[in-house]
Amino acid sequence: DGGITQSPKYLFRKEGQNVTLSCEQNLNHDAMYWYRQDPGQGLRLIYYSQIVNDFQKGDIAEGYSVSREKKESFPLTVTSAQKNPTAFYLCASSMAGGLGQPQHFGDGTRLSIL
Amino acid sequence: AQSVTQLDSQVPVFEEAPVELRCNYSSSVSVYLFWYVQYPNQGLQLLLKYLSGSTLVKGINGFEAEFNKSQTSFHLRKPSVHISDTAEYFCAVTWNSGNTPLVFGKGTRLSVIA
């Protein structure tokens with residue numbers, strides 16, 4: 001079945017460490033997105049990419065970085081510059097850059113600071 | 001900036017009672033509207049979408065929503081809820097002004113009481 005796979009499901013990070021969250025899709029979607037979810041805050045956009053080798057900052061990009069070397073993959077790195085990284089991270093994809101196309105979501109990665 | 005407001009952060013309702021979850025958005029220009037549901041520790045699942053045409057949209061699990069352009073609203077309804085409907089519900093909007101990602105509301109937690 002086609003879908004979006006996020007790994008790992010749970011991730012722990014020590015202070016000062018970078019950590020990379022994986023997102024892979026086999027839906028042949030052009031666009032991919034990363035969101036951060038905190039209780040009572042809804043989903044906030046970190047980065048998105050509408051085509052390979054191109055990506056744009058979302059509303060809360062500081063302390064995060066991404067790459068889009070392959071259509072299927074959009075990894076997110078949480079750097080040590082992100083002062084409050086504990087959150088639930090969701091990856092999504094869609095056929096095009098948002099014009100009426102629904103986004104499909106992975107099951108998320110929960111990141112915690114040790 | 002465009003915004004989405006979900007007026008209720010929590011909605012408790014008795015089983016088999018009707019429910020309405022409210023959503024308003026900030027602009028009346030052309031929009032695409034979505035409702036998603038999230039069960040604990042999972043990603044978001046699409047319930048329904050409005051792209052054009054009939055203002056009453058039917059989705060999965062017996063949910064429906066009505067697009068009201070003059071009131072810039074897209075409220076979600078179900079005539080009779082079940083325990084299994086307990087979840088968080090998100091309204092999302094994209095504006096037909098370019099390749100813009102979805103903007104999400106902060107969510108409404110629906111709790112169905114037996």
Side-chain angles (χ1 to χ4, degrees), chain A residues 3-10 21 23 25 27 29-51 54-61 74 87-112, chain B residues 1-11 21 23-26 29-53 57 59-60 65 67 74 87-109:
Chain A
I4 300 176
T5 301
Q6 290 188 243
S7 61
K9 191 168 181 65
Y10 299 95
L21 283 61
C23 178
Q25 55 99 359
L27 298 166
H29 284 171
D30 302 299
M32 296 187 75
Y33 312 81
W34 274 106
Y35 293 91
R36 171 180 171 137
Q37 185 177 18
D38 297 282
Q41 295 293 319
L43 276 69
R44 293 183 289 169
L45 183 66
I46 305 173
Y47 270 98
Y48 65 103
S49 167
Q50 296 177 349
I51 195 169
D54 188 40
F55 48 82
Q56 288 78 40
K57 292 182 179 180
D59 300 318
I60 56 164
F74 191 41
F88 190 50
Y89 291 87
L90 287 162
C91 178
S93 69
S94 67
M95 284 290 290
L99 289 180
Q101 295 295 335
Q103 293 180 12
H104 299 254
F105 284 81
D107 282 339
T109 292
R110 188 167 298 280
L111 175 63
S112 301
Chain B
Q2 309 285 25
S3 65
V4 179
T5 302
Q6 291 185 242
L7 296 162
D8 305 296
S9 60
Q10 296 186 59
V11 173
L21 306 183
C23 173
N24 287 87
Y25 56 94
S26 61
V29 298
S30 297
V31 292
Y32 300 127
L33 298 151
F34 306 82
W35 275 99
Y36 286 85
V37 60
Q38 184 182 35
Y39 300 101
N41 293 313
Q42 293 186 22
L44 277 65
Q45 180 183 358
L46 181 67
L47 274 178
L48 50 79
K49 60 184 178 182
Y50 171 78
L51 305 182
S52 64
V57 180
I60 62 171
F67 170 59
F74 190 54
E88 188 140 22
Y89 292 79
F90 292 93
C91 180
V93 183
T94 185
W95 283 265
N96 191 18
S97 59
N99 275 346
T100 56
L102 293 179
V103 175
F104 285 83
K106 292 188 175 182
T108 298
R109 182 168 300 277

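Here is the naming used below: chain letters follow the sequence lines, and residue numbers restart at 1 for every chain. None of these values were measured; they are calculated from a predicted model.
- Options Gln6(B), Arg109(B), Lys106(B) differ in how many heavy-atom pairs under 4.5 Å they form with chain A, and the most are formed by Lys106(B).
- Residue Tyr50(B): no heavy atom, backbone or side chain, is found under 4.5 Å from chain A.
- No part of Gln6(A) comes within reach of chain B, as not one of its non-hydrogen atoms sits under 4.5 angstrom from that chain.
- Looking at Gln45(B), neither its backbone nor its side chain comes within 4.5 Å of chain A, counting heavy atoms on both sides.
- Interatomic distance, CZ of Phe104(B) versus OH of Tyr35(A), reported as 4.5 Å (0.5 Å rounding).
- When heavy atoms are compared at a cutoff of 4.5 Å, Arg110(A) approaches chain B solely by way of its side chain, counted from C-beta outward.
- To the nearest 0.5 Å, atom CD of residue Gln37(A) and atom CD of residue Glu88(B) are 6.5 Å apart.
- In this structure, Phe90(B) and Gly42(A) approach most closely via the heavy-atom pair CE2-CA, 3.7 Å.
- Remark: side-chain polar atoms of Tyr32(B) are not paired, donor with acceptor, to backbone N or O of Pro102(A) under 3.5 angstrom.
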Residue pair Asn41(B), Asp107(A): steps toward the side chain to side chain contact (heavy atoms under 4.5 Å, CB included) verdict: CA-CA 7 Å; Asn41(B) 293 313; Asp107(A) 282 339; over 6 Å; no
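- Residue Leu27(A) places its CG atom among more than 12 non-hydrogen atoms of other residues, nucleotides or ligands, all under 6.0 Å distant.
- When side chains are defined from C-beta on, Gln38(B) counts as touching Phe88(A), because their heavy atoms get closer than 4.5 Å.
- For NZ of Lys9(A), the number of neighbouring non-hydrogen atoms (other residues, nucleotides, ligands) closer than 6.0 Å is greater than 12.
- Taking the side chain as every heavy atom from C-beta outward, Gln103(A) and Thr94(B) never approach each other to under 4.5 Å.
- Looking at heavy atoms from C-beta onward, Leu43(A) lies in side-chain contact with Leu44(B) at the 4.5 angstrom threshold.
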